[in-house]
Amino acid sequence: MIDIKFLRENPDVVRASQKGRGENVELVDQILAIDEIKRAAINEFELLRQEQNVLSKSVGAAKGDEKTALLANAKELADKVKAADSKRGEIEEQAKQLVMQLSNLLDTEAPIGGEEDFVTIEHIGTPRDFTKDGFEPKDHVELGKLLGAIDTERGAKVAGSRSYYLTGAGAMLEFALVNYAIQSALKNGFTPVIPPVLVNPSAMEGTGFLGQAAENVYRIEKDDVYLVGTSEVPLAAMHMDEILPADKLPMRYAGYSSCFRREAGTYGKDTRGIIRVHQFDKVEMFSFCKPEEAKEEHKRLLQWEKDFLNAMEIPYRVIDVASGDLGSSATRKFDIEAWIPTQGAYREVTSTSNCTEYQARRLNIRYKDADGTKAIATLNGTLVAIPRMIVAILENHQNADGTVNVPAALQPFLGTAKLELV
RNA sequence: GGAGGACUCGCAUAGCGGCCGAGUGCACCGGUCUUGAAAACCGGCAGGUGAAAGCCUCGUGGGUUCAAAUCCCACGUCCUCCGCCA
């Protein structure tokens with residue numbers, strides 16, 4: 001949610017931001033218009049209410065005829081107050097609906113444009129030359145079968161398309177990745193969290209996933225709860241309606257949870273394998289910090305993501321995501337894309353967003369220091385999304401016979417240096 | 001799923017339909033005293049909005065009333081008991 005005061009004073013900044021995202025610019029003027037009406041309605045209600053409060057007190061003190069006369073007056077006034085109150089309520093609701101539709105302000109450094117207009121910040125590592133190694137790389141589906149690690153056929157049989165089983169080495173790989181991720185998060189000052197994945201509408205709404213992303217969210221209608229697509233949701237909402245002490249900031253959480261995504265509108269995309277699935281596990285970093293420290297914190301989250309990729313010994317690039325491809329809560333977003341040999345392309349494996357005060361304002365999360373109570377900033381970043389990391393590891397570290405070398409960092413957790421054929 | 005009980009300012013509690021946005025204790029912050037500390041004493045101590053007056057908030061939402069923390073209804077959360085079950 002954008003600060004309405006900021007919008008009143010800087011409508012052009014908000015307009016420019018909406019335009020950069022390719023979103024509704026007129027919304028800004030609609031909001032300004034209704035804001036005027038809203039303030040007038042509040043004023044009218046408050047004046048009437050004040051009058052009523054005064055009159056009510058005098059009724060209590062009066063007796064006899066005087067009281068009867070005052071009561072008649074008071075009754076009339078009560079009707080007016082009620083009318084003014086409901087009018088105010090309606091307009092406030094309308095105004096809120098409109099403000100909630102605004103996306104976060106763009107960071108001025110974020111590249112402008114659509115999905116294709118990202119800026120590549122750096123390349124780390126060099127894609128392996130399989131010609132030099134003398135064999136054709138197998139894709140992760142084939143490797144998964146040879147290793148007894150991934151079973152997409154039975155996944156489809158039991159749960160439909162985009163479903164899979166991780167078995168044997170595949171399951172062990174998940175445990176190793178999660179353990180390594182949590183261990184590094186602990187080192188970096190994160191509190192490990194296993195959050196609820198079933199959340200109520202206010203948590204979902206507050207984190208901004210019921211806007212443009214709503215069609216990708218699973219909803220359990222009968223109980224009015226949602227399945228989260230990322231533990232960002234329960235981690236952000238964890239401190240909903242709270243005031244955090246300034247000296248505890250930044251507060252960092254590493255959430256491990258299953259993530260559920262409908263993947264509506266992606267028919268035909270990544271249908272093979274486990275690149276794009278309905279359910280997967282992920283370790284997510286989440287940080288609450290002071291707004292003036294958010295940019296630095298964002299860089300730190302990105303660095304921890306890079307550290308992870310480096311430890312997995314996978315070539316990747318970092319991109320600065322363009323304005324039109326940001327989520328509604330993000331002011332800026334960096335993705336890390338890992339090299340996938342059989343696709344000859346870099347594919348997104350992690351993503352980190354700076355949501356500044358946008359999410360916190362929706363969730364009513366603030367912090368308090370000597371100067372008062374202020375909106376806090378929130379940031380999130382993927383430490384590891386299991387299936388995509390498994391794809392990257394299998395494909396990049398495969399041998400000609402289908403076995404896969406385990407990156408050194410994972411060996412202690414996996415208890416082996418090589419995944420063998422079954 | 002069934003039966004009861006509770007929900008007030010960080011915690012614990014008080015609260016008659018008007019004198020309650022709300023008393024008390026603990027915790028916390030500042031001060032006096034002290035070499036320092038404890039104790040004692042003095043002061044402060046929920047949030048939002050507003051330039052201010054004021055307005056709003058006693059789980060949430062409705063209702064009754066001139067007036068609701070207080071009465072009524074619904075929902076939510078927590079606790080106890082019964083049933084079922086990892």
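In this text the structure is predicted, and so the values were computed from the model without any measurement. In the text below, chain A, chain B and the rest are named by the order of the sequence lines, each starting its count at 1. Note that these values count all heavy atoms, side chains included, but never hydrogens, waters or copies made by symmetry.
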Nearest-neighbour nucleotide for the A:Ala78 side chain, B:A67, B:U64, B:C55 considered: B:A67

Gap in Å between the two C1' atoms, one belonging to B:A3 and one to B:G23, rounded: 36 Å

Rounded distance in Å between the C1' positions of B:G5 and B:A51: 48 Å

A:Leu55 or A:Phe45, whichever maps to the more 5' nucleotide of RNA chain B: A:Phe45

Nearest-nucleotide pick for A:Ser56, side chain only, options being B:G47, B:C66, B:G54: B:C66

Gap between atoms CG and C1', on A:Asn43 and B:A52 respectively (whole Å): 13 Å

Touch class at under 4.0 angstrom, heavy-atom based, for A:Gln52 against every strand present: sugar-phosphate

Side-chain H-bond candidate by donor/acceptor type, A:Gln50 with A:Glu46, under 3.5 Å: no

Selected nucleotide, minimal atom distance to A:Arg49 side chain, candidates B:G54, B:C66, B:C56: B:C56

Atom P, compared across B:U57 and B:G63: separation rounded to whole Å: 13 Å

Spacing between A:Leu244 atom CG and B:G47 atom C1', to the nearest angstrom: 15 Å

Any A:Arg39 side-chain nitrogen or oxygen under 4.0 Å from OP1 or OP2 of B:G50: no

Parallel, tilted or perpendicular: ring planes of A:Phe288 versus A:His239, cut at 30 and 60 degrees: perpendicular

Separation between the C1' atoms of B:A22 and B:A68, rounded to whole Å: 13 Å

Residue met sooner reading RNA chain B from 5', once A:Leu47 and A:Lys368 are mapped to nucleotides: A:Lys368

Separation of the P atoms in B:C26 and B:C19, to the nearest angstrom: 28 Å

Distance test, side-chain N/O of A:Asn53 to OP1/OP2 of B:A67, below 4.0 Å: no

Residue-phosphate contact under 4.0 Å: A:Lys75 side-chain N/O, B:C66 OP1/OP2: yes

Contact check, side chains of A:Leu419 and A:Met172, non-hydrogen atoms, under 4.5 Å: no

Sugar-phosphate only, base, or nothing, as touched by A:Lys80 at under 4.0 Å among non-hydrogen atoms: nothing

Nearest-nucleotide pick for A:Ile243, side chain only, options being B:A67, B:U64, B:G47: B:G47

Phosphate OP1/OP2 of B:G50: any A:Lys5 side-chain N/O under 4.0 Å: yes

Whole-Å distance separating the CD atom of A:Glu76 from the C1' atom of B:U65: 17 Å

Rounded distance in Å - CG (A:Asp224) to P (B:U60): 19 Å

